[in-house]
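In what follows, every chain begins at residue 1, and chains take the letters A, B, ... in the order their sequences are listed.
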There are 2 protein chains.
Amino acid sequence: MQIGELARSTGVKIETIRYYEREQLLPVPQRTDGNYRLYSPRDVEQLRFICYCRSLDMSLEEVRLLIEARDAPAGSCLTVNALLDEKIAEVDARVNELHKLQDQLRQLRGLCQQPDEVKTCGILMELNRSAEIDKAQI
Amino acid sequence: MQIGELARSTGVKIETIRYYEREQLLPVPQRTDGNYRLYSPRDVEQLRFICYCRSLDMSLEEVRLLIEARDAPAGSCLTVNALLDEKIAEVDARVNELHKLQDQLRQLRGLCQQPDEVKTCGILMELNRSAEIDKAQI
DNA sequence: GAAAAGCCTGAAGTGGCTTCAGGGTCAAGG
DNA sequence: CCTTGACCCTGAAGCCACTTCAGGCTTTTC
């Protein structure tokens, strides 16, 4: 299977596949006489594994760790648990941040319902005012 | 006011201040005889404005737009409204994504309560299985 | 007069790719 | 046999928002 077919069958761009190879997330593939990469079904699985981990917001470094853990024949999965716990905490924290951000943005947006002149725009006035307040706080 | 004091009074790193200058978000400051940057209270405000926008998850490009709008003496604030609406939509979408992610991560984490051997770890089994399923779907 | 604190510049590194320039390979059609 | 087009190759640079680094100048303090 050449790189184009692998790309089509996984939805991963060719350039990204080559990038993963450079980053050693995918093994160095065989080559044809014409120097084209040749992939095995094993490689397809590995790439899907990477994709799934990425869809769970793992960094490539974390994916590397998971691959390592998976391939360790009798290692403990403590690392895997720790990694997931950390990731869950990260996502929770980010969600909280974004909720606050939603409130702030909606409140700000409410300050200018009608398109008006900049100098009387509630949003810009508030942006300037908030900068002032930040100053007072420090 | 030298760059160090500006940094201390805003909580922005010196390097970041210089970066904002290169990116033309801050005006080119005056210099002392010894070639040190000299900032005015106006510059402090501008930097705070940038910080506040960044805290609302605006990109530097968006901050640039806001500064432009703010400084246009009689422009309309339609741009500002549009920018905020877009940002709100972005944040909402991201929050939805992260909620789904939270579910997935927690479910995955539930598969391995006790640290065990990798080969029987529910998490790794599930990660491999999910990769398989993705394959079937395409 | 020497050390320490503060400042300067330009370049490179971060992550996770994407894009680009400039090629080589291979099958099908004329 | 030659050309066209699809496919593939490499290495380098670009993206964002910074951060870090190397190497050197200025100012203050003892």
For A:Leu101 and B:Ser55, the nearest pair of non-hydrogen atoms, with its separation, is CD1-O, 3.7 Å
List the atom of A:Glu21, the atom of A:Pro27, and the distance in Å for their closest heavy-atom pair.
CG-O, 4.4 Å
In B/S/- notation, 5' to 3', how is nucleotides 4-19 of chain D contacted by protein heavy atoms closer than 4.0 Å?
---BSSB------BBS
For A:Ile17 and C:dG16, what is the distance between atoms CD1 and P respectively, to the nearest whole Å?
17 Å
A:Lys87 side chain near A:Leu56 side chain, heavy-atom distance below 4.5 Å
no
Treat each ILVMFWY residue as a node, draw an edge where side-chain heavy atoms are under 4.5 Å apart, and state whether B:Tyr36 and B:Tyr39 are in one component.
no
State whether the side chain of A:Arg64 and the backbone N or O of A:Glu23 hold a donor-acceptor pair below 3.5 Å, judged by distance alone.
yes
